[in-house]
2 protein chains.
Amino acid sequence: MINDSPFVKEETRLKVNAIIREVGFEPDPQARGLAFRRSFLIGMIYDNPTPQYVVSMQQGLLDGMRGTSYGLLVHPCERGSQTYLSDLRSFIERQKLFGVILTPSVSEDERLVKMLREFDCPYVRVASVVLDKPGTMVVTHDANGAAEAAHHLAGLGHTRIAHISGPPSFRSAHERRRGFREALAERGLKVDPAMDREGNYTFEGGIAIARELLALNPRPTAVFCGNDEMAAGVYKVAHELSISIPKDLSVIGFDDSTTAIQLWPPLTSVRLPVRDMGRLAIDKLFGKQEKKRPGAGDVAEIFPKLIPRESTAAPDPRA
Amino acid sequence: MINDSPFVKEETRLKVNAIIREVGFEPDPQARGLAFRRSFLIGMIYDNPTPQYVVSMQQGLLDGMRGTSYGLLVHPCERGSQTYLSDLRSFIERQKLFGVILTPSVSEDERLVKMLREFDCPYVRVASVVLDKPGTMVVTHDANGAAEAAHHLAGLGHTRIAHISGPPSFRSAHERRRGFREALAERGLKVDPAMDREGNYTFEGGIAIARELLALNPRPTAVFCGNDEMAAGVYKVAHELSISIPKDLSVIGFDDSTTAIQLWPPLTSVRLPVRDMGRLAIDKLFGKQEKKRPGAGDVAEIFPKLIPRESTAAPDPRA
DNA sequence: CTGAAAGCGCTTACAG
DNA sequence: CTGAAAGCGCTTACAG
């Protein structure tokens, strides 16, 4: 046999082995998939409107898939649309996905999850509350992050504090509000109902509510926004009205997206490590370090953290 | 036969037909792919660092794929990395993609394109110059857009005009600079070499160069930035130095990303319709309205357009 | 434990 | 023009 022949030089053998590895049998995922009745594709299903979030999540998922032969299939959708569920159904049925990752708010849609179970499609849900078997969840303790924001503002001496929440269709909006209010309550503070407003996580939405909030008399001295986009809206209105941040108004965002550092002054925000969350979600999908059964294992937990910057300060004593 | 039986009510027949269509034969892309020796997947290969660009491009590609059973596989990469080409090689070889869309700057990499041709993988390149057979190109006339910026500033009366370009590894950086300079020359103006700087399309890069530019004496009264991210960096430095935009300094960006409207004052920028570009790229890949041969047909052309906002004004006569 | 066969769900080339 | 067979590149269940 050529393999063990003493006439073959060691050097040559190494070369041959190297070439074998290089050329090496990379199995065709299509054929494997056909035999397995399951593709080597992972779907990311999302309806988050923030580009930064989407791209970071994709990066994280790809981080977790590095070195494998899986591919990442992206599938944005609109939860409001007529064809939302039927589009998803045909996507999932057709592609025979290895699994899908759901991010808020689609991760909170039980009809979608029920459909995934029907098709026996493994999934991992990223959300701000445990909605399912622990092994299928990456949960971000948004309430904790919001509480840090509340303590930060209370610590600076603010008492007239406004809140612009996300839309009620996002659980994160409730969690952030809840964490914020509970922490204020611990300090003997509360958000005046007139200053507790429902936004929609968009820049434009932030603008609309900020116009009303900043027209109030007396004005709030601080505002906690459900995300950075809405905080950017508050900045715009403050600029228009020559309200100085942070002298006349402290602002806190949530997400700590790139927006936060591009605003002037740089925005204090609660950091959500989106890319890490993506990697964790893939680890869960692959069942790393866990019992083999899908959905087994523990919840992956993320604790958002306040990043203080220059948009928050003590309230002006004259105000 | 049940189909034409007079005993079957019209209504029932319609129902049956509807159900047939609903259940209806959705062929398995894995099996088709195996038989075709080509998957029903389209790859998006990119190294653009701007999340907004990436997400808009993905949206555009998906727009073009709507109603088909193709899937979009995302593949970010780093052109600098050691494994850049070998990663891509195994991605392309493994997935047997139906085709790929390349965006700047990977779209300008001839080694990559050569590899795609080796593997017989159809591609469409999005770039600011025609680099290939017309049928494979979506070309954005960045030079035109930059010229509009130049005419806008010249028209306002600026003469001390600075330019922060993108990195030389991006063709768009050259095109934007060229268009800008040629248009200024038409007006008998030029960028002082000390005010003509090379950036890297990032926020941080914009900050670093803006610090030097705004320390010059006399200072430029206007600056044209190769993209919005760098313009955001200029804003930051201007704020730090209490240089008022647009009173003391006019600023123009490029891309017209969401950053442009979130900045204060809203940024005058040259709009690149990224989502439309994505749809066009897919149309070309599918060979819509063209001869069947891949790479046949004409260049798809995009003309970027200046969107004037509040970051540009006539220079202060006292300056 | 090894090795040949059947099958995954399609397409294409070929016989009738 | 129609219809049955072979084949795409794998995996799995089964016979030896």
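Everything numeric here is computed off the predicted structure, so don't read it as measured data. Chain naming here is simple, since letters A, B, ... match the order of the sequence lines and numbering starts at 1 in each.
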- Should dG3(D) form a Watson-Crick or G-U wobble pair with both distances under 3.5 Å, which nucleotide is its partner? dC14(C)
- Enclosure of Glu78(B) CD (heavy-atom neighbours >12, cutoff 6.0 Å): no
- Item | Option passing side chain to side chain contact (heavy atoms under 4.5 Å, CB included) with Ser56(A) (candidates Asp255(A), Thr258(A), Val274(A)) | Val274(A)
- Message: I'd like to know whether CZ of Arg94(B) has more than 12 heavy-atom contacts from other residues, nucleotides or ligands below 6.0 angstrom.
- Response: yes
- Which residue lies toward the 5' end of DNA chain D, Phe36(A) or Gln30(A), if each is placed at its nearest nucleotide? Gln30(A)
- Shoot me the first and last contacting nucleotide of DNA chain C against chain A, ordered 5' to 3', at under 4.0 angstrom to non-hydrogen atoms. dG7(C) to dG9(C)
- Assess whether atom CD of Glu110(A) is packed by more than 12 heavy atoms of other residues, nucleotides or ligands within 6.0 Å. yes
- Item | side-chain hydrogen bond (donor to acceptor under 3.5 Å, both in side chains) partner of Arg125(B), the single match among Asp109(B), Asp132(B), Thr103(B) | Asp132(B)
